[in-house]
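Below you'll find the structure, written out as structure tokens, and then a few comments.
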Amino acid sequence: MAVINNAATDKVVLQKYLDLDLGTEEVMAEYIWIDGTGEGIRSKCRTLDREPKVPTDCPIWNYDGSSTYQAEGSNSDMYLHPVSIFRDPFRGGKHKLVLCEVYKYNKKPAETNRRAACNAVMEKAKASIPWFGIEQEYTLLDLDGHPFGWPKNGFPGPQGPYYCGVGANKVYGRDIIEAHYRACLYSGIKIAGCNAEVMPAQWEFQVGPCEGIEMGDHLWMGRYLLYRVAEDFGVVVTLDPKPIEGDWNGAGAHCNYSTLAMREKGGIKAIEESIELLSKHHVRHIKAYDPKEGKDNERRLTGHHETSSIHDFSAGVANRGASIRIPRQVAEDGCGYLEDRRPSSNCDPYAVTEVIVRTTVLQE
């Protein structure tokens, strides 16, 4: 039986209000932050008296942390420090999306504010010019939690025809993906591409290359836009790394990484040296690669469905069953980048990029 969305509204009615010419200097600024789960995204809007050009043009703001798993009711104020600005594809015009770091009453970063520590590491490693590209996999669900487009009383055919598929019997939800892609381009997010994934109703978008802290900023904002776009279509997005048990692929956030030394001629030596360093800190990386310190990834990193085992470190050329993959073209060129295939789809990109740089550049 189909689930009716009783909270759905008529977007056609909304449009006449969105089309209003405000004729003022005021700007609607949507402040966006990560909540106490380390996965959830929250936002609220305020009016600014002029269009902000840089984050410091936006005032520090506050919110009730007791309602976001971040504070007790007796001392609930949390503070939003703007760090990055994007164009707002939902309101258009001069309106902005403002990504924020969260700070507590004592002016220290909130526990799930991983950006502060990441930014400090990126500053230390600035001379190495670290570049990242993350492949964000996700799954579309109906409001009842069932995968979007799947039969309600059964399963679609086995995996095989769905990856990069074309046709109504192979891909579900392409309208959402197209809308999201355009929203990202409009906002200024460095989206590099998208494709249908191996499991039906599973998709991927790629962000990068981004230097340093920019990787986390752009991926978190890409996720926010994805949730908002899917909201308009009445569809749910999940970043769960194994949304469907059984013979179905999980969802990851493969991290492509390089330094200047890796990208220059003969860089394969620097790549191999970094892989050697990564091999010595496998457990630390696994703990940083999902919000539950590996518990979510246990369901995905089984050694099957194009994954390595969570318990072992491995590396290889063109091997999608390894922890670290060296693309074949990189091996042939003798320079380029490596792909860390361990991060889960619900990882915090700030945590992922921070630990990679700590291990390979700062050698901590």
Side-chain angles (χ1 to χ4, degrees), residues 1-33 35 40-52 63 67 85-99 136 138-152 165-189 191 193-197 200-205 207 218 220-239 243:
M1 184 176 179
V3 173
I4 298 173
N5 184 4
N6 294 320
T9 54
D10 191 332
K11 305 303 180 186
V12 175
V13 174
L14 169 66
Q15 192 59 47
K16 71 177 183 179
Y17 297 99
L18 295 179
D19 290 341
L20 290 174
D21 182 2
L22 301 182
T24 64
E25 290 298 314
E26 284 84 5
V27 169
M28 298 171 74
E30 192 76 20
Y31 280 48
I32 296 159
W33 70 95
D35 70 16
I41 301 175
R42 308 289 181 117
S43 76
K44 65 175 183 172
C45 191
R46 72 178 293 168
T47 303
L48 303 182
D49 58 11
R50 63 178 63 88
E51 181 180 0
Y63 67 93
S67 298
I85 298 177
F86 298 83
R87 297 170 69 195
D88 188 338
F90 307 106
R91 296 179 175 122
K94 298 180 294 184
H95 307 299
K96 304 296 181 185
L97 303 176
V98 182
L99 184 65
Q136 177 66 71
Y138 60 94
T139 307
L140 301 178
L141 306 174
D142 281 326
L143 290 170
D144 61 2
H146 200 68
F148 186 72
W150 284 33
K152 291 299 182 186
V166 178
N169 61 336
K170 297 182 179 68
V171 295
Y172 312 133
R174 192 184 293 275
D175 289 354
I176 296 168
I177 280 64
E178 290 292 317
H180 174 250
Y181 204 136
R182 286 176 169 266
C184 285
L185 289 174
Y186 179 92
S187 292
I189 290 167
I191 186 169
C194 70
N195 59 269
E197 265 303 330
Q202 187 184 75
W203 292 82
E204 171 184 300
F205 69 95
V207 174
H218 282 242
W220 273 112
M221 191 57 70
R223 289 174 173 178
Y224 172 80
L225 293 185
L226 180 60
Y227 291 133
R228 282 289 309 273
V229 167
E231 178 185 320
D232 281 348
F233 285 92
V235 173
V236 176
V237 171
T238 180
L239 300 187

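It should be emphasised that the depicted structure is a prediction, and the values quoted were computed from it without experimental measurement.
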Next item on the list: Could you check Leu239 against Tyr227 for side chain to side chain contact (heavy atoms under 4.5 Å, CB included), going step by step and ending with a plain yes or no?
Entry: CA-CA 10 Å; Leu239 300 187; Tyr227 291 133; 3.5 Å; yes

Would you mind writing out the side-chain donor-acceptor pairs for residues 167-181 within the sub-3.5 Å range, not counting sequence neighbours?
| residue | atom | partner | partner atom | Å |
| --- | --- | --- | --- | --- |
| Arg174 | NH2 | Gly165 | O | 3.0 |
| His180 | NE2 | Gly222 | O | 2.9 |

Notebook entry, point to check: Under 3.5 Å, is there a donor-acceptor pair between the side chain of Ser187 and the main chain of Arg87?
Noted result: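 Judged by distance alone, yes, a pair lies under 3.5 Å.
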
In Å and rounded to the nearest 0.5 Å, what is the [atom1] to [atom2] distance from [X] to [Y]?
{"X": "Ile32", "Y": "Cys45", "atom1": "CD1", "atom2": "SG", "value": "9.5 Å"}
{"X": "Leu226", "Y": "Ile191", "atom1": "CG", "atom2": "CD1", "value": "9.5 Å"}
{"X": "Asp10", "Y": "Leu14", "atom1": "CG", "atom2": "CG", "value": "9.0 Å"}
{"X": "Ile189", "Y": "Trp220", "atom1": "CD1", "atom2": "CH2", "value": "13.0 Å"}

Provide the closest heavy-atom pair for [X] versus [Y] in the form atom of the first, atom of the second, distance.
{"X": "Pro243", "Y": "Thr139", "value": "CG-OG1, 3.5 Å"}
{"X": "Tyr138", "Y": "Glu204", "value": "CE2-N, 4.0 Å"}
{"X": "Val237", "Y": "Ala230", "value": "CG2-CB, 3.5 Å"}
{"X": "Arg223", "Y": "Phe205", "value": "N-CZ, 4.2 Å"}
{"X": "Val98", "Y": "Ala29", "value": "CG2-CB, 4.0 Å"}

Next item on the list: Find out whether the Lys NZ or Arg CZ of Arg42 is both under 6.0 angstrom from the six-membered ring centre of Tyr63 and within 45° of the ring's axis.
Entry: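 Not flagged: Arg42 not positioned over aromatic ring of Tyr63.
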
Assess whether atom [atom1] of [X] is packed by more than 12 heavy atoms of other residues, nucleotides or ligands within 6.0 Å.
{"X": "Glu25", "atom1": "CD", "value": "no"}
{"X": "Lys11", "atom1": "NZ", "value": "yes"}
{"X": "Arg182", "atom1": "CZ", "value": "no"}

Next item on the list: Kindly indicate, with the supporting measurements, whether the criterion side chain to side chain contact (heavy atoms under 4.5 Å, CB included) is fulfilled by Met28 and Leu48.
Entry: CA-CA 6 Å; Met28 298 171 74; Leu48 303 182; over 6 Å; no

Evaluate the side-chain proximity of [Y] to [X]: yes if any heavy-atom separation is below 4.5 Å, no if none is.
{"X": "Pro200", "Y": "Trp150", "value": "yes"}
{"X": "Thr47", "Y": "Val27", "value": "no"}
{"X": "Pro89", "Y": "Leu97", "value": "yes"}

Next item on the list: For the residue pair Ser43 and Glu30, confirm or rule out a side-chain donor-acceptor distance under 3.5 Å.
Entry: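 Checked: Ser43/Glu30 side chains pair up, N/O donor to acceptor below 3.5 Å.
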
Next item on the list: State whether Lys96 and Glu51 are salt-bridged, where the test is any N-O pair (Lys NZ or Arg NE/NH1/NH2 against Asp/Glu carboxylate O) under 4.0 Å.
Entry: yes

Checklist line | NZ/NE/NH1/NH2 to OD/OE distance under 4.0 Å, Arg91 and Asp88 | finding: yes

Checklist line | Of all pairs that satisfy ring pair (Phe, Tyr, Trp, His ring centres under 6.0 Å), the ones with a partner from residues 5-31, not counting sequence neighbours | finding: Tyr31-Trp61

Next item on the list: Please report the C-alpha distance between Ile41 and Trp33 in whole Å, then the side-chain angles of each, then the deciding distance to 0.1 Å, and finally whether the side chain to side chain contact (heavy atoms under 4.5 Å, CB included) criterion is met.
Entry: CA-CA 6 Å; Ile41 301 175; Trp33 70 95; over 6 Å; no

Check: Stepwise, does the side chain to side chain contact (heavy atoms under 4.5 Å, CB included) test hold for Arg228 with Phe90?
Finding: CA-CA 9 Å; Arg228 282 289 309 273; Phe90 307 106; 3.2 Å; yes

